[in-house]
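As structure tokens, the structure follows; a few thoughts come after it.
Sequential numbering from 1 along the given sequence is applied to the chain's residues. Reckoned from all heavy atoms, side chains included, excluding hydrogens, waters and symmetry mates. Read the numbers this way: they start at 1 and go in the same order the structure lists the ligands and their atoms.
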Amino acid sequence: MEKINLEAIQKAFNTLQTVKDTFSKKGWFPATSGNLSVRVKDPPLEKNQSIIAITSSGKDKSIHTPEDYILVNMDGSLVLPSNLKPSAETLIHTSIYQHIPNCQAVFHVHTIPNNLISELYADQGKVTFINHEIIKAFDIWKEDASITIPIVENYFSIPKLAEEISNVIQPEVPGVLIRNHGIYVWGDSDFTAKRHLEAFEFLFEYQMNMYFLKKFK
Ligand SMILES: CSC[C@@H](O)[C@@H](O)C(=O)COP(=O)(O)O
Ligand SMILES: [Zn+2]
């Protein structure tokens, strides 16, 4: 811990606060759901010694308190002793950082569109979006672009859920849907992870609306 730079920690906490505020205003943290993490940027640390700043468990994410964030190691353990509990889903975050080499931020939200799409396409284990301009937000620049996001079952056991997510992770698709639960997204910066999340949510909302429009046409 002596090696860890306080400025880097403060910067990580500030980033989480800004993202938390933005998503909260969109209504993306209903009933204390959702969690966020960023890698604490500390160049002297080796990759496997990295630490992350993550939201504490069970907090109302529409308000700010000094207890909102906590530091954890890549095995999910606390960096410093604390009475605070890190997110119950910390192991999902650490597993994503370990599988995606340049991952700097992981965001998780529960929304009605991501829950409905995850249920609608659960049997296929994935959902594909084709020919949407917003696919460029995933850095996919080609004619007839498409993106396919995997869907996993909502296992009660977090280690099992983390393992299932890591089994379907594809580096070129920065997200995984969990059936009737929510979405995990990541990026090589908090800016990129936010852009990915907004693009996925746009596609889910579009698909959901299109589904109903076609039904009642
Ligand atoms: C209140 S339901 C949501 C939780 O069970 C969980 O899925 C979640 O997203 C938030 O858990 P948390 O421990 O606060 O990070
Ligand atoms: Zn959740």
(Q) I'd like to know whether N14 forms a side chain to side chain donor-acceptor pair (under 3.5 Å) with Y69, so could you lay out the CA-CA distance, the side-chain angles of the two residues, the decisive distance to 0.1 Å, and finally the verdict. (A) CA-CA 10 Å; N14 290 346; Y69 315 109; over 6 Å; no
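- Within the protein, the N, O or S atoms lying under 2.8 Å from the Zn ion (ligand 2) are H108 NE2, H110 NE2, H181 NE2.
- Annotation: side chain of T94 is not in contact with side chain of D75 (no heavy-atom distance under 4.5 Å).
- Checked by atom type and distance alone, the side chain of N114 pairs as donor or acceptor with a backbone atom of V109 at under 3.5 Å.
- Within the 4.5 Å cutoff, no side-chain heavy atoms of Y121 are placed close to those of D123.
- Screening residues 80-99 for salt bridge (charged side-chain N to carboxylate O under 4.0 Å, His left out) gives no qualifying pairs among residues at least two apart or on separate chains.
- In this structure, the side chain of D68 engages the main chain of T65 through a donor-acceptor pair within 3.5 Å.
- Residues with a heavy atom under 4.0 Å from ligand 1: A31, T32, S33, G34, N35, S57, G58, K61, S87, A88, E89, H108, H110, H181.
- Within 6.0 Å of CD1 in I112 there are 12 or fewer heavy atoms belonging to other residues, nucleotides or ligands.
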With a cut-off of 3.5 Å and sequence neighbours excluded, list every side-chain donor-acceptor pair involving residues 210-217.
none

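- Screening F138, W186, Y206 against F200 for a ring-ring contact (aromatic ring centres under 6.0 Å, His included) leaves a single residue, F138.
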